[in-house]
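To start, the structure itself, in structure tokens.
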Amino acid sequence: MAEESGGPALAPTLAEWLRAREETNQHLDGATPPIDAPWVQRLADLLATERSWQDQYTDLIALGSSGGRFPSSNR
């Protein structure tokens, strides 16, 4: 679902979200105690990036749903 005006598209946004998730996983795999402050800061940055892509993806999906809003979880 690409925007007519050249806006964000669903597939690339999903790909970036999944890439950000993989980068977070790689960072977690590289953790060795003791965990230092720079490692924790990098994790915080990675999680924020991942969350941003997730939010963009769900907002794009919501454009095609009734009411233009992504449904809330039943969990």
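- The hydrophobic cluster containing Val40, built from Ile/Leu/Val/Met/Phe/Trp/Tyr side-chain heavy atoms closer than 4.5 Å, also comprises Leu28, Ile35, Trp39, Leu43, Leu47.
- Take Glu22 and apply the salt bridge (charged side-chain N to carboxylate O under 4.0 Å, His left out) test, not counting sequence neighbours, and it matches no residue.
- Linking Ile, Leu, Val, Met, Phe, Trp and Tyr whenever their side-chain heavy atoms come within less than 4.5 Å leaves Trp53 and Leu46 in two separate clusters.
- Listed by first and then second residue, the salt bridge (Lys or Arg N to Asp or Glu O under 4.0 Å) pairs involving residues 34-46 are Glu23-Arg42 (not counting sequence neighbours).
- With sequence neighbours left out, the side-chain hydrogen bond (donor to acceptor under 3.5 Å, both in side chains) criterion links Thr49 to no other residue.
- The CG atom of Leu18 sits 9.0 Å away from the CD atom of Glu50 when rounded to the nearest 0.5 Å.
- To the nearest 0.5 Å, atoms OG1 (Thr24) and CZ (Arg21) are separated by 9.0 Å.
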Throw together a table of side-chain donor-acceptor distances under 3.5 angstrom for residues 56-63, partners on residues two or more places apart or in other chains.
from, atom 1, to, atom 2, distance (Å)
Gln56, NE2, Ser52, OG, 3.3
Thr58, OG1, Gln54, O, 3.1
Thr58, OG1, Asp55, O, 3.0

Report, one line per pair, each donor and acceptor closer than 3.5 Å where one atom sits in a side chain of residues 67-75; sequence neighbours left out.
from, atom 1, to, atom 2, distance (Å)
Ser73, OG, Arg75, N, 2.9

